[in-house]
Amino acid sequence: MALLVLGLVLVTLKLLAWPPVADWGWAWVLAPFALAALWWWADWSGYTRRKAMEKEEARKAARLAKARSQLRPPGQR
């Protein structure tokens with residue numbers, strides 16, 4: 001949502017010929033819309049959810065490894 005708002009603000013400033021933005025190329029002004037589209041695609045395709053699940057699995061594996069190491073008798077560590 002923030003990228004869309006930023007894109008709308010930049011387009012408005014470009015069309016109003018606001019001094020710093022008026023000199024920028026259209027590619028820079030429209031870049032937030034492209035980034036928003038990439039973000040939506042990543043969310044739609046399941047990429048972000050897969051990455052979150054991988055992170056959770058890694059935390060779970062680390063927690064299990066720590067618990068197993070604490071269960072061993074003191075002489076076997």
Side-chain angles (χ1 to χ4, degrees):
M1 184 70 166
L3 290 172
L4 288 178
V5 171
L6 177 63
L8 289 173
V9 168
L10 289 177
V11 167
T12 303
L13 291 175
K14 176 80 170 172
L15 292 175
L16 292 174
W18 199 266
V21 181
D23 297 333
W24 297 355
W26 277 104
W28 290 107
V29 174
L30 298 176
F33 294 114
L35 293 174
L38 285 174
W39 187 334
W40 284 336
W41 177 82
D43 201 32
W44 172 81
S45 68
Y47 177 79
T48 54
R49 185 66 192 143
R50 264 192 317 275
K51 288 298 178 183
M53 288 173 59
E54 288 173 5
K55 185 177 177 182
E56 187 64 32
E57 288 296 322
R59 288 181 58 225
K60 183 178 175 181
R63 190 174 60 238
L64 282 171
K66 181 180 176 185
R68 286 183 180 145
S69 71
Q70 290 176 349
L71 287 175
R72 293 186 187 139
Q76 294 182 359
R77 286 190 186 173

Exercise for review: Taking side-chain hydrogen bond (donor to acceptor under 3.5 Å, both in side chains) as the test, write out the residues that go with Arg59, two or more places apart.
Suggested key: Glu56
Exercise for review: Please list, chain by chain and in numerical order, all residues satisfying side-chain hydrogen bond (donor to acceptor under 3.5 Å, both in side chains) with Thr48, sequence neighbours excluded.
Suggested key: Asp43
Practice item. Could I get the full list of salt bridge (Lys or Arg N to Asp or Glu O under 4.0 Å) partners for Glu57, not counting sequence neighbours? Key: none
Point to revise | Which residues share a side-chain contact (heavy atoms from CB on, under 4.5 Å) with Arg50, sequence neighbours left out | key: Tyr47
Under 3.5 Å, sequence neighbours excluded: what are the donor-acceptor pairs made by side chains of residues 13-41?
from: Lys14; atom 1: NZ; to: Ala22; atom 2: O; distance (Å): 3.1
from: Lys14; atom 1: NZ; to: Trp24; atom 2: O; distance (Å): 2.4
from: Trp24; atom 1: NE1; to: Pro20; atom 2: O; distance (Å): 3.0

Compile the donor-acceptor pairs under 3.5 Å between side chains in residues 4-11 and protein atoms, sequence neighbours left out, one pair per line.
none

